[in-house]
2 protein chains.
Amino acid sequence: MRNNTLGSLIWLRLMRFTNQSNQMSNDFLKRFDLTTAQFDVLMQISIYQPLTQMELAEKVTVTQGGISRMLVRLEKEGYIVRKQDWKTKTISLTEKAETILEQAMPEQLAFQSSFFDDILSEEEQKTLYTLMTRVHKYSQKRELPSE
Amino acid sequence: MRNNTLGSLIWLRLMRFTNQSNQMSNDFLKRFDLTTAQFDVLMQISIYQPLTQMELAEKVTVTQGGISRMLVRLEKEGYIVRKQDWKTKTISLTEKAETILEQAMPEQLAFQSSFFDDILSEEEQKTLYTLMTRVHKYSQKRELPSE
DNA sequence: TTTTATAACTTGACTACTCAAATGATGCTG
DNA sequence: CAGCATCATTTGAGTAGTCAAGTTATAAAA
């Protein structure tokens, strides 16, 4: 009855791994009082600030509604400020967030890397990155069958 | 300021890809009136039924609380039945779920595969699967640093 | 037979989303 | 200036999860 294809096995692996490593990352980031999702959003803001909600939503691949709720939480915690700027709202980091990120960023990047560094060679990591990049870019292409 | 390691780039790719393909999968499964998470749970039940909630929770890597809520929804929709059996609750699929799965399963597996089939060769898929399996298994090992 | 232990499950309060309808902000046209 | 269009953001209702405290079911000791 199990007639799994190779592709479906890969898919399941990816889902389980990202799910699990995401939880581990949440655990790791607890000492900075951040979740993985929040860290991700703050990182994108720090790279591209100032930017609008639409732009940010696209960077982290969530919907407009999703980013709106997330930013409400981050604003309440004092990590970001938003100001109405023409039709859009412009987002930037507060001092508090900058300070936390400065410490959390190198540690989180090291944490993420440790999933691969300890088990794959440099060569293998390059291969994995190349393959996933192709798969990801291809899936984005398919996303807009119209136009 | 961007001092990304290769590992952190891989991590981000994986997160973005799974996130996106998960949404596409939700879209695809709409015609069966299922979500990706529901399909995943129903599949595991169909393979291992009858089984307890604890066992199921472990298969799909969610917490006990998570599986409890999910099963309430699935039961309300008439996809599964639970009966108290000694201390545990035993889960099995209803006719309705069996029928839907019979149709949805091959299509969903094909859908998942299409992310890879169309862009990677057989050889490359094997490589990707091998690398991800190693990474995943390694991360599971790290998960229990105690004992 | 009332405690007491314990394993399995549920639940309250929360994060983090989704979609689609509503609201805000601005500009244009009659 | 009123009314309309349009783009950006918010919000209501829902799914899917987390953690930790609370229940329920069963067995076994006091």
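Just so we're clear, the structure is a prediction, and the values are computed from it rather than from any experiment.
Taking only side-chain nitrogens and oxygens, Arg82(A) never comes nearer than 4.0 Å to OP1 or OP2 of dA8(D). Using a 4.0 Å cut-off, no side-chain N or O of Lys89(B) falls inside it from OP1 or OP2 of dT24(D). Residue Lys30(B) places no side-chain N or O under 4.0 Å from the OP1 or OP2 atom of dC19(C). Phosphate contact (OP1/OP2 of dA16(C), side-chain N/O of Arg73(A), threshold under 4.0 Å): present. For Thr88(A), no side-chain nitrogen or oxygen approaches OP1 or OP2 of dA8(D) to under 4.0 Å. One finds a side-chain N or O of Gln23(B) lying less than 4.0 angstrom from the OP1 or OP2 phosphate oxygen of dT18(C). The side chain of Trp86(A) contributes an N or O atom lying less than 4.0 Å from OP1 or OP2 of dG27(C). At dA20(D), none of the side-chain N or O atoms of Gln64(B) fall inside 4.0 Å of OP1 or OP2 (strictly under the cut-off). For Thr63(B), no side-chain nitrogen or oxygen approaches OP1 or OP2 of dG17(D) to under 4.0 Å.
Rounded to whole angstrom, the span from the CE atom of Met15(A) across to the P atom of dG17(D) amounts to 12 Å. Rounded to an integer number of Å, the gap from Asn19(B) CG to dG17(D) P is 14 Å. Rounded to whole angstrom, the span from the CD1 atom of Ile67(B) across to the C1' atom of dC9(C) amounts to 12 Å. Remark: P of dT15(C) and CG of Asn22(A) are 16 Å apart, rounded to the nearest angstrom. If you measure from atom CD of Gln84(A) to atom C1' of dT26(C), you get 10 Å, rounded to the nearest angstrom. One interatomic measurement links the two molecules: CG of Leu29(B) to P of dT18(C), which rounds to 17 Å at whole-angstrom precision. The nearest whole Å value for the distance from the CG atom in Leu51(A) to the C1' atom in dA8(D) is 13 Å. A straight line from CG of Leu56(B) to P of dA8(C) spans 14 Å, rounded to a whole angstrom.
With hydrogens and angles left out, the side-chain atoms of Thr35(A) and Asn26(A) include no donor and acceptor closer than 3.5 Å.
The six-membered or imidazole ring of Phe17(A) lies near that of Phe115(A), with a centre-to-centre distance under 6.0 Å.
In this structure, Gln84(B) places its CD atom where more than 12 heavy-atom neighbours from other residues, nucleotides or ligands lie under 6.0 Å away. Around atom CD of Glu98(B), more than 12 heavy atoms belonging to other residues, nucleotides or ligands sit under 6.0 Å away. Under a cut-off of 6.0 angstrom, the local environment of NZ in Lys137(B) is sparse, with at most 12 non-hydrogen atoms contributed by other residues, nucleotides or ligands.
Backbone-only contact: Thr35(A) has heavy atoms under 4.0 Å from sugar-phosphate atoms and none from a base.
The nucleotide whose nearest atom lies closest to any side-chain atom of Met54(B) is, among dT15(C), dC9(C), dT9(D), dC9(C). Which of dT9(D), dG17(D), dC17(C) sits closest to the side chain of Val62(A) comes down to dC17(C).
Results of the side chain to side chain donor-acceptor pair (under 3.5 Å) test with Gln53(B) over Gln64(B), Arg82(B), Glu58(B) single out Arg82(B) as the only residue that passes.
Comparing Ser68(A) and Thr61(B) against DNA chain D, the residue whose closest nucleotide sits nearer the 5' end is Ser68(A).
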